[in-house]
Amino acid sequence: MLTEKEKMCSSKPFKAFEKKLSEERANAKELLFEFNTAKPKAFSKKNELLKKLVGKAPKSFYIEPPLYCDYGYNIEIGNKFYANTNLTILDCAKVVIGNHVFIGPNVGIYAVSHPIHYEHRNKYFEIAHPITIGDNVWIGGSVVINPGITIGNNSVIGSGSVVTKNIPENVVAAGNPCKVIREITEMDKMEFKPD
């Protein structure tokens, strides 16, 4: 018989309020409290706390506090990752974030959901589905990414979007629900002229 944690990590209905999962969330919150209240210039301390929290972290990454998550161990972040303030990752399933991903403020990445029918919801069942964010993705401020979503490499998600379906590679997508607006082309590269 599967434990509630095993059910959670294999996208089966699970009860989040059982003892082990409740303890694991409390442990994550302890590390998050230390991270979120660390002095602004305590970069090494904050990175060490995050490396204890998340399942996989590279040498080079930066997350602006505050950060919120459920467990931490289901989060994998790639190299040169940057997240602005108020990132929330509900990581009941794997959340894999690629290299060179930029995330704006107030973004919610929600791998977990509740049953539609109230009877199951009232029994505190949840279900989670993995989220994958490819390399070189930029996610604008106040975006919500729902369970089971994949965002392809090099794509941009516009501010305020609610991502309810997979987004392919090399596109700009935005809206509620989030839809592809256009492809990213070489013209985008040529129009941006840094000094």
Side-chain angles (χ1 to χ4, degrees), residues 4-18 21-22 24-29 31-33 35-36 50 53-57 61 63-78 81-98 101-118 120-134 137-152 155-168 173-180:
E4 296 305 308
K5 181 175 180 176
E6 289 169 333
K7 292 175 191 175
M8 177 182 83
C9 292
S10 58
S11 296
K12 296 184 183 329
F14 69 97
K15 290 192 172 184
F17 291 105
E18 64 88 42
L21 290 177
S22 295
E24 289 182 347
R25 284 194 308 279
N27 291 338
K29 284 175 179 37
L31 288 170
L32 287 166
F33 178 80
F35 172 78
N36 290 332
L50 288 175
L53 177 70
V54 302
K56 180 181 171 191
F61 68 97
I63 298 175
E64 295 276 1
L67 166 69
Y68 306 98
C69 70
D70 280 332
Y71 300 97
Y73 54 70
N74 277 327
I75 301 170
E76 297 182 8
I77 55 177
F81 171 68
Y82 172 80
N84 213 316
T85 58
N86 283 322
L87 174 61
T88 299
I89 303 176
L90 302 184
D91 63 312
C92 296
K94 278 275 187 218
V95 175
V96 179
I97 301 170
V101 172
F102 296 175
I103 294 182
N106 304 310
V107 167
I109 301 173
Y110 306 145
V112 67
S113 183
H114 299 281
I116 298 296
H117 198 281
Y118 73 91
H120 298 299
R121 201 167 52 244
N122 290 348
K123 292 178 184 173
Y124 302 105
F125 278 104
E126 297 180 8
I127 192 162
H129 299 285
I131 293 173
T132 303
I133 298 169
V137 170
W138 174 23
I139 298 169
S142 300
V143 167
V144 171
I145 300 171
N146 282 300
I149 295 296
T150 296
I151 298 174
S155 286
V156 175
I157 308 298
S159 297
S161 297
V162 178
V163 186
T164 60
K165 294 187 178 174
N166 292 342
I167 303 296
N176 182 4
C178 188
K179 294 180 183 171
V180 173

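Numbers here simply count residues along the sequence, with the first being 1. Computation of the quantities below employed the complete heavy-atom set of this structure, encompassing side-chain atoms and omitting hydrogens, waters and symmetry-equivalent molecules. Note that the coordinates shown come from a computational prediction; the quantities given were computed from them, not determined experimentally.
Looking at F14 and V112, their side chains come closer than 4.5 Å, going by heavy atoms from C-beta outward. Within the 4.5 Å cutoff, the side chain of Y68 has heavy atoms near those of the N86 side chain. Considering only heavy atoms from C-beta on, F17 comes within 4.5 Å of R25 through its side chain. At least one side-chain heavy atom of E64 sits under 4.5 Å from a side-chain heavy atom of Y82. A 4.5 Å side-chain heavy-atom check between P130 and V96 finds every atom pair outside the cut-off. The side-chain heavy atoms of I145 and I133, taken from C-beta on, include a pair separated by under 4.5 Å. V137 places none of its side-chain heavy atoms less than 4.5 Å from the side chain of I167. No side-chain heavy atom of V162 sits less than 4.5 Å from a side-chain heavy atom of P177.
A side-chain contact (heavy atoms from CB on, under 4.5 Å) with I139 is found for one member of V163, I103, I97 and no other, namely I103.
Taking all atoms of both residues into account, the shortest heavy-atom contact from N74 to C9 is ND2-SG, 4.0 Å. Heavy atoms only, all atoms of each residue included: G104 and N84 are closest at C-CB, 3.6 Å. Residues C92 and A111 come closest through the heavy atom pair N-CB, 4.5 Å. Counting all heavy atoms, side chain and backbone alike, D91 lies closest to D70 at OD1-N, 3.0 Å. When all heavy atoms are compared, the tightest approach of S113 to P147 is CB-CG, 4.0 Å. Closest non-hydrogen pair, A28 versus Y71, comes out as CB-O, 3.6 Å.
Considering CZ of F125 and CD of E4, their distance stands at 7.0 Å, rounded to 0.5 Å. To the nearest 0.5 angstrom, E126 atom CD is 9.5 Å from M8 atom CE. Once rounded to the nearest 0.5 Å, the distance linking CG of N27 with CG of L32 reads 11.0 Å. Between atom NZ of residue K29 and atom SG of residue C69 there is a gap of 7.5 Å, rounded to the nearest 0.5 Å. Note that NZ of K165 is 12.0 Å distant from CG of N146, once rounded to the nearest 0.5 Å. Here the NZ-CD distance, from K7 to E18, works out to 9.0 Å after rounding to the nearest 0.5 Å.
Checked by atom type and distance alone, the side chain of S159 never pairs as donor or acceptor with a backbone atom of S142 at under 3.5 Å. Put simply, the side chain of T85 never gets that close to the backbone of P66: no donor and acceptor are under 3.5 Å apart.
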Exercise for review: Just do the side-chain contact (heavy atoms from CB on, under 4.5 Å) check on I131 and T150 with the steps written out, would you?
Suggested key: CA-CA 6 Å; I131 293 173; T150 296; over 6 Å; no

Exercise for review: Evaluate the side-chain contact (heavy atoms from CB on, under 4.5 Å) criterion for residues L53 and F35: first the C-alpha distance (whole Å), next the side-chain angles of each, then the deciding distance (0.1 Å), finally the verdict.
Suggested key: CA-CA 10 Å; L53 177 70; F35 172 78; over 6 Å; no

Practice item. Would you please test L87 and I109 for side-chain contact (heavy atoms from CB on, under 4.5 Å) and show each step? Key: CA-CA 8 Å; L87 174 61; I109 301 173; 4.1 Å; yes

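Ring pair H117/H120 is perpendicular by interplanar angle, where above 60° counts as perpendicular and below 30° as parallel.
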